[in-house]
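Below, chain A is the first sequence line, B the second, and so on; all start at residue 1. Treat the numbers as computed from the prediction; the structure is a model and nothing was measured.
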Protein chains: 2
Amino acid sequence: MTRKPQQQRAKATVDAIVQAGFLCLAKHGIEGTTTRHIADEAGIGVGSLYEYFANKQEVMDAMYQMVVADVVSMIQPLTPRLVKMEIHEAVRTLLYEFRELLMRDDARYLKYASQAVNVAQRDNLEPINKILNDLVVQYVMHHPEVMRLRNLPVMSYIIINGGIFSVIRHLGESAPMLTFDQLAGGLADMAKHVMDGEMRKVDNEQ
Amino acid sequence: MTRKPQQQRAKATVDAIVQAGFLCLAKHGIEGTTTRHIADEAGIGVGSLYEYFANKQEVMDAMYQMVVADVVSMIQPLTPRLVKMEIHEAVRTLLYEFRELLMRDDARYLKYASQAVNVAQRDNLEPINKILNDLVVQYVMHHPEVMRLRNLPVMSYIIINGGIFSVIRHLGESAPMLTFDQLAGGLADMAKHVMDGEMRKVDNEQ
DNA sequence: GCCTTAATCCGAATTGAATCCGAACAATGA
DNA sequence: TCATTGTTCGGATTCAATTCGGATTAAGGC
């Protein structure tokens, strides 16, 4: 029966468990992490873990809550500054803060996020990346005007990764805020805008 | 000791196991799927499963291979048509084909992909989505000219989801093809291009 | 300070799923 | 047909997650 920690030492125990969770995840990976690992790392007995968490998953959930809370409280105080910036600068600033947060404490949040978001890292999205890159290359060959613009690699990387993730996430949503048509149209528009925009940038520099 | 299937019936067994894997995943979710489930669904004994797969993970890997192979062989024959299209049309076409593939056979690939790509669906990225949406709203209030353009929701959705995923994926890569600066700059450029492009579209319609 | 009670901690015992293994059952081919 | 090799099977084993009952410790009233 899981209970709420009331005394000070119990709060410390709960916290130690969550911290140990991050450490173990970093050390052993998500599969290799056992409740005994976590308990040992936290310096407590296995039984104590189950006083406050119904099961291992709840420990993971608590870790997740912590990540989310930290992301939110990273963005919140940043908002007033961000909204006054140019869009370009705002995005960059936010991204660098995000990276800083992920890398903090020996990248513990990043390690968690990598495991949580993306299991298929064991091997490779490589074949898919490859064929999509081939597609881009061939596309460029058929549209010579595109060849002028640089950071094509960057833009493809983002659109490809972002596209795959958005689509999978969207199709899996139970109550999507968007229709698939909107999403697909949006991605298409985005690709077009990026191409036009980059092209224009090149023109202006000439 | 895992072996290669040599006789016809053994090949059928291997195939049945992989197929059963997809069915069980759809039925019980990734956690709820046991080797016995898979074996039962495939109409074989548990032991047989271990003749061809060293462990449960290898079954999952085989499923993954199959998804990847099918994605590749979906794109390959499509390429000649795609490269002749306008970028906008090409992206849309590709996305619709991708969806069709994911939805095929009672969405078996989608169910796999959702589980594989995104564990944290149990609860919510909600807090993060919310704060980011708030950020967008406040941003718009400070930049009234932006207010004119519609499908802001679509564009935010894509940039936010795509951005989060790209960054996590990139930071986790052992041999990244891009620097973080390039990625961040690319995402920022992209946001700018989209804003400019959408704005221009609205202007033209007036 | 002492006692009562609830909170906390513990780790051996239980449970159940993953994996192993050796016997039984087909196929091949001589 | 027999020998050999491939295949299937499900009970036995292993190992991690979870439970449970008792030991230990803090808190508060007297």
Side-chain angles (χ1 to χ4, degrees), chain A residues 1-64 112 115-116 119 122, chain B residues 1-64 112 115-116 119-120 122-123:
Chain A
M1 203 43 50
T2 104
R3 60 174 81 194
K4 287 266 167 301
Q6 312 203 337
Q7 303 176 1
Q8 203 49 49
R9 61 177 177 151
K11 289 190 176 63
T13 299
V14 170
D15 196 56
I17 292 170
V18 177
Q19 294 307 317
F22 282 111
L23 289 175
C24 288
L25 202 71
K27 201 186 293 180
H28 308 287
I30 193 144
E31 305 285 315
T33 297
T34 72
T35 49
R36 204 163 294 273
H37 282 151
I38 297 178
D40 288 351
E41 184 74 45
I44 62 165
V46 237
S48 305
L49 191 152
Y50 285 91
E51 291 291 331
Y52 306 103
F53 298 94
N55 50 48
K56 190 164 84 159
Q57 186 56 52
E58 276 201 1
V59 179
M60 302 291 181
D61 289 352
M63 292 161 61
Y64 178 69
Y112 173 81
Q115 307 265 350
V119 173
R122 69 180 63 264
Chain B
M1 204 40 52
T2 104
R3 61 173 81 193
K4 286 268 168 298
Q6 312 204 339
Q7 302 177 359
Q8 202 49 46
R9 61 177 178 147
K11 289 190 176 64
T13 300
V14 170
D15 197 56
I17 292 170
V18 177
Q19 294 307 317
F22 282 111
L23 288 176
C24 288
L25 203 71
K27 202 184 295 182
H28 309 287
I30 194 144
E31 304 287 313
T33 296
T34 72
T35 49
R36 204 163 294 273
H37 281 153
I38 297 177
D40 287 351
E41 184 74 45
I44 62 166
V46 236
S48 306
L49 191 153
Y50 285 92
E51 290 293 328
Y52 306 104
F53 300 94
N55 49 47
K56 190 163 84 159
Q57 186 56 50
E58 276 201 0
V59 179
M60 302 292 181
D61 288 351
M63 292 162 60
Y64 179 70
Y112 173 82
Q115 307 265 352
V119 174
R122 72 179 62 264
D123 34 41

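Here dT8(D) presents its P atom at 15 Å from CG of Asp40(B), a figure rounded to the nearest Å. Atom-to-atom, CD of Gln8(A) to C1' of dT25(D) comes out at 15 Å; the value is rounded to the nearest Å.
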Legend entry - Sequence-aligned protein contact record of nucleotides 15-23 of chain C, with B where the base is within under 4.0 Å of a protein heavy atom and S where only the sugar-phosphate is: --SSBSB--
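Look at Gln7(A) and you won't find any side-chain N or O under 4.0 angstrom from OP1 or OP2 of dA7(C).
Note on Ile44(A): only backbone sugar-phosphate atoms sit closer than 4.0 angstrom, heavy atoms only; bases stay farther off.
For Val46(A) against Arg36(A), the heavy-atom pair with the smallest separation is CG2-NH1, 3.6 Å. In this structure, Tyr52(B) and Ala10(B) approach most closely via the heavy-atom pair OH-CB, 3.5 Å.
For the atom pair CD of Gln57(B) and CE of Met63(B), the computed distance is 10.0 Å after rounding to the nearest 0.5 Å. For the atom pair Lys56(A) NZ and Leu49(A) CG, the distance stands at 10.5 Å (nearest 0.5 Å).
Thr35(A) places a side-chain heavy atom less than 4.5 Å from the side chain of Tyr50(A).
Contact check of residues 9-28 of chain B against DNA chain C (heavy atom, cut-off under 4.0 Å) returns no residues at all.
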Would you list the atom pairs, donor with acceptor, under 3.5 Å between side chains in residues 12-29 of chain B and any protein atom, with sequence neighbours excluded?
from     : atom 1 : to        : atom 2 : distance (Å)
Thr13(B) : OG1    : Arg9(B)   : O      : 3.0
Gln19(B) : OE1    : Arg108(B) : NH1    : 2.5
Lys27(B) : NZ     : Glu41(B)  : OE1    : 3.1

